[in-house]
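Keep in mind it's a predicted model, so treat the numbers as computed, not measured. A note on names: the letters A, B, ... follow the listed sequences, proteins ahead of strands, and every chain is numbered from 1.
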Amino acid sequence: MRPCACACTRWTCAPWARTASPRRSRAGGGAHGARQRCHGTPGTWTDCTRCARSASALRCSWCWCRASVRAASWRSWRATWARWSRASARIATLGCSRRSSRSGAPSSPIRARLTRCCARWPSGASSCCVRRASVRRRCCGRRRRRSASWSPPVAGARRGAESRAPPVYPVSPMSGNEQQQKKGGGNAPAAKTAITPTREENYAEWYQQVVRSADLAENSPVRGCMVIKPWGYALWENVQRVLDGMFKATGHKNAYFPLFIPLSFLEKEAAHVDGFAKECAVVTHHRLKAGPDGKLIPDGELDEPLIVRPTSETIIGATFAKWVQSYRDLPLLINQWANVVRWEMRTRLFLRTAEFLWQEGHTAHATEAEAVEETMKMLKVYADFAENWMAMPVFQGRKTDSERFPGAVDTFCIEAMMQDRKALQAGTSHFLGQNFAKASEIQFLDADGQQKFAWTTSWGVSTRLIGAMVMTHSDDDGLMVPPRLAPTHVVILPVTHKPETAQQVLDYCQKLAADLRAQHFAGRAIEVEVDARDMRGGDKMWQWVKKGVPVRIEVGPRDIEQGAVFMARRDRSAKDKVAVPRDEFVKGAAALLQEIQDGMFARAKAFREEHTKRIDTRAEFEAFFTPKRAGDENQPSEIHGGFALSHFCGDAVVEADVKNRLGVTVRCIPLDGADEPGTCVITGRPSARRVVWGKSY
RNA sequence: CGGGGUGUAGCUCAGCUUGGUAGAGCGCUUGCUUCGGGAGCAAGAGGCCGCAGGUUCGAAUCCUGUCACCCCGACCA
């Protein structure tokens, strides 16, 4: 027995009673807002709910609270608690509701609630049911609380009331990475994958995990910006190297323009303003000073604010205006490698970040035809790069009015299909007409003595390509890098756990690496890394699997004796290893890499073909994009059909309507599509050719 | 901008409803065993519990304020 913890030494009410906290007033039957005197006698101990129940059953009568009312309340609370405990025990066996619902097990009332809740974001149980049951609990809280049958009596009265309520969802044996991965104990996982969840289970989360496991990038302290890690940046460097060569080969020169653009420049082109004004970072000050509390505050306001470039048409236009005097100065073919900032609300590594790296080409031409030709030429360069280097099949096409670049006359793009069958725009090429030339006054004196406005183009690809690569090729064991862009083609893993042979194995590996480096693939020496880190072999191997290195070689004493290497290809199962004679492997390495490259392209293309369908009726079109989940007609499935090749009348209103209802847009009007008269799949109006419809990133 | 949440060890999170010694798993360090494969055992290091006030003998826990972040919607490809 020990002293009561209540405010026994005081005569007045406790402050919290006066504040009429909703929780208190509700729990106590509404009586606690009122001031009451304490009627107890000091030193006597009777029921009081303010005491520490866990420590003692004693209740203090010295408190002002009405013991009888609160005791009754406590009893009902105990009953509720018991119900929750039972519910909790049942939930423990369910695991993630998504799995539960898919498994087709008979539904309980609890499961029904969970399922309904999570299905609130159809595509996004992704954001809902990630990783842990406890995370799910949070998101499900709102809906769960509304289902009256098991609401806590004090629901909503406190911060996080639902998450602290007794039915704590234990971590499901299915939902935790570790549980499933480690030593598959009693619950025998179906197939162990290096990445959890798998693509099928949760595509969005799978993507994040692949990027993380491959050590490509991570989130930074700055919201919406990413840190690109060495492995990810090496990929980007390869993209840069190859593309830069292609640009140079088509006559372009690199230059660099300022990060900051005067606000007035952006205002020059009306459509451009509409497109970018809402996502610009603005610089208004140029120095800092110490504030009164010692913290730094901005000082020295700029006369004219500067924006951080979301794209450089305006400032490059202003520069071109100075550079271009005569038709002899044209064409002007410039490219810049740079970073840009678009203040995005929601971001995903590589796919959409506030700051990203890219390349933007800007050209000025004397005639319209020449500028159009340039636009198409660069589109072809992008398509070539995507297909032959990234092994990513793309549709080349023209954008509809609603998807056109702000300020452009015509926008062309390459569109690729990701493994969730959504479209990703991987590169764009714009014919800008004379819009920006007029805005920036890029004029020249033509051969006929007339002062004319130039015709301009712009085109770009960004670090988004890395995201495209990830989502095109990776599997449930992590990233798979196309060999022609791989920072490392071959990784050699020496088996050195026996000290007596370790040095011999290492020497052998170094010699093997040197021989491989003498071979060439895709215009450079084969890149080899000997990973001699002091780690366990399994961990080490899986790291490289997750990084997507095309070929892994294991070399141990036994291989040395036999003059062989033990080889595994990333495009096959991680366990699928074969012994190959050493010299044969070295000689055939380049061919092997090309074979892997070709195989990846073929696989990606087959996937796209499989999920691209010619559709001619409206009913089929809508069904294609809203497949029903088996067993529940009301729940849209997560994965839709893919790309639909259908006729479209070209009406922007119709397109907007389809976007609102189905989330589907015209990805592009393919260039290589043959003219084929038909009727619009939505309106039935005549149409000249088929377009590519799809859901997009 | 509207709505809903969360801040606890490097990471993922328990603990809070009912105030009383700061917890787990993974990761990290060391040792032994194991190892042609994502190891086992043992020991160890690591925490202004977001910040500031308040209540209390005592606050990670209750109250008030504040900051940051996340999710949904809106916006955007």
Side-chain angles (χ1 to χ4, degrees), chain A residues 2-3 5-10 14-19 21 23-24 27 49-56 74 77-78 80-81 84 120-121 124 126-128 130-135 137-143 145 152-166 168 170-171 176-179 181-183 192 194 212 219 221 223 275-276 278-279 342-347 351-352 399 403 405 413 415 422-426 428 462 464 477 493-498 535-543 545-546 554-559 566 574-575 577 665 667 696-697:
Chain A
R2 50 189 184 143
C6 316
C8 299
T9 55
R10 297 228 182 140
W16 54 263
R18 289 192 297 259
T19 59
S21 144
R23 179 175 71 91
R24 298 287 182 194
T49 51
R50 272 211 84 200
C51 297
R53 290 198 183 94
S54 56
S56 161
W74 172 238
W77 174 255
R78 286 291 291 270
T80 309
W81 178 293
W84 284 354
R120 202 171 139 238
W121 301 283
S126 59
S127 49
C128 177
V130 278
R131 293 192 294 265
R132 298 227 178 195
S134 56
V135 175
R137 182 185 66 205
R138 257 184 245 139
C139 95
C140 295
R142 195 164 82 179
R143 181 61 65 94
R145 202 166 59 198
V154 292
R158 305 174 50 252
R159 172 182 70 110
E162 70 282 3
S163 69
R164 260 185 281 180
V168 172
V171 175
N177 289 5
E178 298 78 19
Q179 277 95 334
Q181 278 191 44
K182 300 294 175 191
K183 59 191 175 256
K192 195 158 90 170
R212 208 179 69 167
N219 283 311
R223 176 197 160 87
F276 288 106
K278 274 179 283 187
E279 52 186 30
R342 295 180 185 174
W343 211 260
E344 299 286 354
M345 297 299 287
R346 229 171 265 159
T347 59
L351 296 178
R352 168 169 286 114
K399 283 294 188 190
E403 300 257 331
F405 176 74
C413 64
E415 292 278 340
K422 282 164 83 173
L424 185 79
Q425 178 177 304
T428 52
S462 70
R464 193 180 223 204
D477 281 336
L493 307 169
V495 179
T496 55
H497 60 271
K498 286 178 187 149
M535 283 177 65
R536 295 187 55 79
D539 279 334
K540 201 192 272 188
M541 177 194 93
W542 281 103
Q543 280 188 8
V545 171
K546 288 186 278 193
E554 294 169 10
V555 177
R558 292 213 292 270
D559 304 301
F566 212 48
K575 307 281 182 196
K577 302 173 187 176
T665 49
R667 298 322 308 150
S696 77
Y697 273 94

For this session: Could you give the distance separating G53(B) and A22(B) at their C1' atoms, to the nearest angstrom?
Result: 24 Å

Exercise. What's the NZ-C1' distance between K278(A) and C1(B), to the nearest Å?
Worked result: 13 Å

Problem set entry | Where T665(A) and S696(A) come nearest, the two heavy atoms and their spacing | OG1-OG, 4.4 Å

For this session: Could you tell me whether R342(A) contacts a base, only the sugar-phosphate backbone, or nothing, with contacts defined as non-hydrogen atoms closer than 4.0 Å?
Result: nothing

Exercise. Below 4.0 angstrom from OP1 or OP2 of C35(B), is there any side-chain N or O of R536(A)?
Worked result: no

Exercise. Can you check whether D477(A)'s main-chain N or O pairs, donor with acceptor, with K546(A)'s side chain at less than 3.5 Å?
Worked result: no

Problem set entry | Residue whose closest nucleotide on RNA chain B lies nearer the 5' end, T347(A) versus F566(A) | F566(A)

Seminar exercise, completed: note: D539(A), atom CG; C28(B), atom C1'; distance rounded to Å ~ 14 Å

Exercise. Partners of Q543(A) by side chain to side chain contact (heavy atoms under 4.5 Å, CB included), sequence neighbours excluded?
Worked result: R533(A), M535(A)

Exercise. Taking atom P of A39(B) as reference, at what distance in whole Å does atom CH2 of W542(A) sit?
Worked result: 12 Å

Exercise. If you measure from the C1' atom in A45(B) to the same atom in U64(B), how many Å do you get, rounded?
Worked result: 38 Å

Exercise. Hey, where does RNA chain B pair up into stems, meaning at least three consecutive Watson-Crick or G-U pairs with distances under 3.5 Å?
Worked result: B:1-7 with B:67-73, B:10-13 with B:23-26, B:28-33 with B:39-44, B:50-54 with B:62-66

Exercise. C1' atom, C51(B) versus U12(B): distance in rounded Å?
Worked result: 24 Å

Problem set entry | Integer angstrom distance from the C1' of A68(B) to that of G50(B) | 7 Å

Exercise. Looking only at heavy atoms, what is the nearest atom pair of L351(A) and R464(A), with distance?
Worked result: O-NE, 3.0 Å

Exercise. What do you reckon, is CH2 of W343(A) surrounded by more than 12 foreign heavy atoms closer than 6.0 Å?
Worked result: no

Exercise. Using atom P of each nucleotide, how far apart are G20(B) and C63(B) to the nearest Å?
Worked result: 15 Å

Exercise. At under 4.0 Å, does any side-chain N or O of H497(A) touch on OP1 or OP2 of U34(B)?
Worked result: no

Exercise. Heavy atoms under 4.0 Å, any strand shown: does K577(A) hit a base, just sugar-phosphate, or nothing?
Worked result: base

For this session: Would you mind telling me which of G36(B), C76(B), G38(B) lies closest to the side-chain atoms of V495(A)?
Result: G36(B)

Exercise. Can you tell me how far P in C13(B) sits from the matching atom in C71(B), rounded to whole Å?
Worked result: 13 Å

Exercise. In terms of the nearest nucleotide of RNA chain B, which residue is placed more toward the 5' end: K546(A) or E344(A)?
Worked result: K546(A)

Exercise. Could you give the CD-to-C1' distance, from E403(A) to C75(B), as a whole number of Å?
Worked result: 15 Å

Seminar exercise, completed: Value for NZ (K399(A)) from CZ (F405(A)), rounded to nearest 0.5 Å, stands at 13.5 Å

For this session: For K498(A) and C35(B), give me the distance from atom NZ to atom P, rounded to whole Å.
Result: 9 Å

For this session: Carefully, step by step, assess H497(A) and R536(A) under the rule side-chain contact (heavy atoms from CB on, under 4.5 Å).
Result: CA-CA 9 Å; H497(A) 60 271; R536(A) 295 187 55 79; over 6 Å; no

Exercise. Expressed as a whole number of Å, how far does the C1' atom of G10(B) sit from that of C28(B)?
Worked result: 8 Å

Exercise. Please give, in whole Å, the distance from A39(B) P to M535(A) CE?
Worked result: 9 Å

For this session: Whole angstrom is fine here: how far is it from CE in M541(A) over to P in C35(B)?
Result: 18 Å

Exercise. Rounded to whole angstrom units, what separation is found between the CG atom of L493(A) and the P atom of G38(B)?
Worked result: 14 Å

For this session: For nucleotides A14(B) and A60(B), find the distance between their C1' atoms and express it as a whole number of Å.
Result: 12 Å

Exercise. If you measure from CZ on R342(A) to CZ on R352(A), what distance do you get to the nearest 0.5 Å?
Worked result: 10.0 Å

